[in-house]
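In what follows, every chain begins at residue 1, and chains take the letters A, B, ... in the order their sequences are listed. Just so you know, these numbers come straight off a predicted model, no measurement behind them.
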2 protein chains.
Amino acid sequence: MPPDSEKTPARLENRLLAALPTRDRRLILSRSEPVELRRGEVISEPGERIRNAYFPTDCFLSLVTPPADHSGLEVRLVGNEGMIGTPLILGVEITQIRTFVQGAGPAWRLSSEGFHEALRQSEALEARLHCYLDVLMNQCTQLLACTRFHLVEARLARWLLMSQDRAHSDHFHVTHEILALLLGVRRVGVTKAASALQARELIHYRRGEITVLNRAGLQGTACGCYGAAEALYEQVLG
Amino acid sequence: MPPDSEKTPARLENRLLAALPTRDRRLILSRSEPVELRRGEVISEPGERIRNAYFPTDCFLSLVTPPADHSGLEVRLVGNEGMIGTPLILGVEITQIRTFVQGAGPAWRLSSEGFHEALRQSEALEARLHCYLDVLMNQCTQLLACTRFHLVEARLARWLLMSQDRAHSDHFHVTHEILALLLGVRRVGVTKAASALQARELIHYRRGEITVLNRAGLQGTACGCYGAAEALYEQVLG
DNA sequence: CAGCGTCTGTTCGCTAACACACAAAGCCAT
DNA sequence: ATGGCTTTGTGTGTTAGCGAACAGACGCTG
């Protein structure tokens with residue numbers, strides 16, 4: 001279902017938690033506190049210890065490999081369908097990637113200790129997060145092929161669609177510069193692809209403010225990876 | 001340590017299992033049977049149910065996204081440092097990728113039921129496999145950047161080194177055609193890169209038989225991803 | 001030893017994306 | 001309103017890798 005034109009005012013839930021039995025959901029929410037994440041806020045850097053887990057409710061974040069011998073590359077976009085701090089599920093407390101906030105908004109936060117307690121006490125939570133991990137691994141291999149074979153314009157269209165889903169709005173903030181970092185291409189490449197999309201009236205943008213005008217058109221331009229990744233999630237966790 | 005010039009005759013163990021306490025190792029080995037995998041043998045296809053888990057002892061396998069709108073692409077190379085059937089660790093019984101044998105040799109095989117029993121009864125096994133999963137996820141993101149940014153010649157050199165490690169020999173079988181499928185490039189691209197390496201006397205090949213002549217030289221040509229991926233494994237599981 | 005399939009080498013034209021450099025336009029603050 | 005910063009647009013030349021097609025070399029098998 002395509003999001004409404006305006007941000008839905010209704011309170012959003014995190015989809016990993018919403019599907020749990022009431023008891024289990026209470027168990028984890030009782031250990032959580034609501035926080036507001038600001039755009040650009042950095043949640044983790046490679047090599048750091050993971051202090052908190054986050055369950056986004058109406059915000060979304062990018063996980064990227066930081067610029068090293070290359071320019072940087074997004075490996076995952078997480079909204080209220082996922083969580084931040086997945087290594088904790090496996091008992092690992094060190095992250096290898098940078099996480100930063102793409103779209104500002106509320107999330108549940110709990111300490112790694114609190115998360116572990118909840119995980120030990122709720123089999124339903126553990127089972128669901130295990131399924132989530134499997135989806136992530138498969139989405140990662142999909143992203144691998146996508147990044148290798150598909151053109152920048154298609155990959156950009158895909159990113160915009162995913163972002164629209166996670167923003168729950170057809171409007172969100174992101175500059176060409178940032179997109180270049182996420183897609184692993186030059187900023188100029190983004191400008192070229194984006195203006196092509198704008199020329200076809202699929203999107204409109206202006207100084208970092210992007211609006212999706214024609215979602216169906218974007219889907220036609222995006223590679224099949226868009227639908228495939230979402231379908232996999234729905235099939236396992238939906 | 002570089003492998004010997006000839007295949008080591010000593011019986012190899014699977015490194016995930018070898019590090020377990022004796023009790024736990026017995027637990028899982030008692031449910032396993034030794035099998036010989038033949039080169040080219042297909043272990044799984046996308047969408048299939050996972051019937052068995054495998055712990056390679058002296059063989060190695062490729063996991064690939066099958067050719068779809070593109071040519072195919074290797075997502076993982078597994079030898080006696082890993083296992084086949086990782087979704088089972090998360091309680092998932094469906095695979096999304098093709099698995100086939102790259103280098104023939106012995107492995108332990110056990111049914112998915114047997115694997116689950118062992119997993120339930122051995123916390124040490126579960127903990128170790130969880131760590132393995134975390135390593136895999138990180139290696140996948142690394143592969144993503146590598147595939148995006150590095151040149152074919154460097155990626156080929158990396159693959160040869162990884163393959164040499166897993167073959168425990170400086171000689172193994174693989175054609176340019178297969179390599180093209182694994183690296184996600186045209187066969188011609190492999191031929192070009194491989195002849196460059198051969199011209200510099202780093203390798204020798206002839207009709208699918210490849211020999212590594214100068215490992216240090218190959219390492220110089222390969223991208224840093226080679227060392228990084230191995231180091232991550234050693235750090236967590238070594 | 002004839003024949004066929006497999007494997008490797010080479011060529012030609014093409015294009016997506018690169019690197020570098022600079023211009024213009026919008027927005028904010030002093 | 002002016003100067004400075006951020007964001008977007010454009011232009012030139014280069015390159016790695018693509019697609020398609022073909023030729024030679026090796027090795028097995030009948």
Side-chain angles (χ1 to χ4, degrees), chain A residues 39-40 67-73 102 144-160 171-200 202-211 221-223, chain B residues 39-40 67-73 102 144-160 171-200 202-211 221-223:
Chain A
R39 179 159 57 80
D69 68 331
H70 54 266
S71 68
L73 189 53
Q102 208 46 255
L144 182 62
C146 180
T147 304
R148 172 67 189 83
F149 295 110
H150 297 150
L151 302 187
V152 172
E153 188 173 322
R155 296 208 288 133
L156 174 60
R158 182 194 181 194
W159 194 93
L160 294 173
H171 175 266
F172 44 88
H173 180 103
V174 65
T175 66
H176 294 185
E177 187 81 42
I178 302 282
L179 282 168
L181 206 79
L182 301 178
L183 298 178
V185 298
R186 292 164 314 147
R187 195 224 77 216
V188 182
V190 174
T191 298
K192 208 172 145 220
S195 29
L197 295 179
Q198 180 158 258
R200 292 161 56 200
L202 303 181
I203 63 173
H204 173 77
Y205 62 88
R206 184 163 167 273
R207 293 187 72 74
E209 300 302 319
I210 295 200
T211 306
T221 304
C223 44
Chain B
R39 180 159 58 80
D69 67 331
H70 54 266
S71 68
L73 190 52
Q102 207 49 254
L144 181 63
C146 180
T147 304
R148 172 67 190 84
F149 295 111
H150 296 151
L151 302 186
V152 172
E153 189 173 320
R155 296 207 288 135
L156 174 60
R158 181 193 182 195
W159 194 93
L160 294 173
H171 174 265
F172 45 87
H173 180 103
V174 66
T175 67
H176 293 185
E177 186 81 42
I178 302 283
L179 282 169
L181 206 79
L182 301 178
L183 298 178
V185 298
R186 293 166 315 150
R187 197 225 75 215
V188 183
V190 174
T191 298
K192 208 171 145 221
S195 28
L197 295 180
Q198 180 158 259
R200 291 161 57 201
L202 302 180
I203 63 173
H204 173 77
Y205 63 88
R206 183 165 168 271
R207 293 187 73 74
E209 300 302 319
I210 295 200
T211 307
T221 304
C223 44

Practice problem: Using ring-ring contact (aromatic ring centres under 6.0 Å, His included) as the criterion, list what pairs up with Phe149(A), not counting sequence neighbours. | Solution: His70(B)
Self-check item: CA sep, side-chain torsions, deciding dist, call: Leu182(B), Leu73(B), side-chain contact (heavy atoms from CB on, under 4.5 Å)
Solution: CA-CA 5 Å; Leu182(B) 301 178; Leu73(B) 190 52; over 6 Å; no
Quiz item: What residues, two or more places apart in sequence or in another chain, satisfy side-chain hydrogen bond (donor to acceptor under 3.5 Å, both in side chains) together with Gln198(B)?
Solution: His204(B)
What does the list of N/O pairs under 3.5 Å between the protein and nucleotides 9-11 of chain D look like, with a distance for each?
{"from": "dG9(D)", "atom 1": "OP1", "to": "Tyr205(A)", "atom 2": "OH", "distance (Å)": "3.2"}
{"from": "dG9(D)", "atom 1": "OP2", "to": "Tyr205(A)", "atom 2": "OH", "distance (Å)": "2.9"}
{"from": "dG9(D)", "atom 1": "N7", "to": "Arg187(A)", "atom 2": "NH2", "distance (Å)": "2.7"}

Quiz prompt | Residues in side chain to side chain contact (heavy atoms under 4.5 Å, CB included) contact with His173(B), at least two apart in sequence or another chain | solution = Arg39(B), Thr175(B), Glu209(B)
What donor-acceptor contacts under 3.5 angstrom involve side-chain atoms of residues 183-192 of chain B, with partners at least two apart or in another chain?
{"from": "Arg187(B)", "atom 1": "NE", "to": "Thr191(B)", "atom 2": "OG1", "distance (Å)": "3.4"}
{"from": "Thr191(B)", "atom 1": "OG1", "to": "His176(B)", "atom 2": "ND1", "distance (Å)": "3.0"}
{"from": "Thr191(B)", "atom 1": "OG1", "to": "Arg187(B)", "atom 2": "O", "distance (Å)": "3.3"}

Quiz item: For DNA chain C, which nucleotides open and close the run of contacts to chain A, 5' to 3', at under 4.0 angstrom from a non-hydrogen atom?
Solution: dA16(C) to dC27(C)
Quiz item: What residues, two or more places apart in sequence or in another chain, satisfy salt bridge (Lys or Arg N to Asp or Glu O under 4.0 Å) together with Arg200(B)?
Solution: Glu153(B)
Quiz item: Are any of the side-chain heavy atoms of Phe172(A) and Leu160(A) separated by less than 4.5 Å?
Solution: yes
Quiz item: Gly189(B) near the nucleic acid: base, sugar-phosphate alone, or nothing, with a heavy-atom cut-off under 4.0 Å?
Solution: nothing
Quiz prompt | By side chain to side chain contact (heavy atoms under 4.5 Å, CB included) - contacts of Ala222(A) (at least two apart) | solution = Ala157(A), Arg158(A), Leu161(A)
Quiz item: Which whole-number value in Å describes the distance from Leu181(A) CG to dT7(D) P?
Solution: 13 Å
Quiz prompt | Arg148(A) or Gly208(A), whichever maps to the more 5' nucleotide of DNA chain D | solution = Gly208(A)
Exercise. May I have the distance from His173(B) (atom NE2) to dG27(D) (atom P), rounded to whole angstrom?
Key: 13 Å
Quiz item: How bent is the helix from dC1(C)-dG30(D) to dT30(C)-dA1(D), comparing axes over its five end pairs at each side, to the nearest 10°?
Solution: 30°
Quiz item: Quick one: are Ile203(B) and Thr211(B) in side-chain contact, heavy atoms under 4.5 Å?
Solution: no
Practice problem: Tell me which nucleotide among dG17(D), dG27(D), dT7(D) gets nearest to the side chain of Thr175(A). | Solution: dT7(D)
Exercise. Round to a whole Å and report the spacing from CZ of Arg155(B) to C1' of dG17(D).
Key: 11 Å
Practice problem: Please name the pair of heavy atoms, one in Leu156(B) and one in Ala193(B), separated by the smallest distance, quoted to 0.1 Å. | Solution: CD2-CB, 3.8 Å
Quiz item: With no angle test and no hydrogens, is the base of dT6(D) tied to the side chain of Arg207(A) by a donor-acceptor pair under 3.5 Å?
Solution: yes
Quiz item: So, for Val174(A) and Ile210(A), which heavy atoms are closest and what is the spacing to 0.1 Å?
Solution: CG1-CD1, 3.8 Å
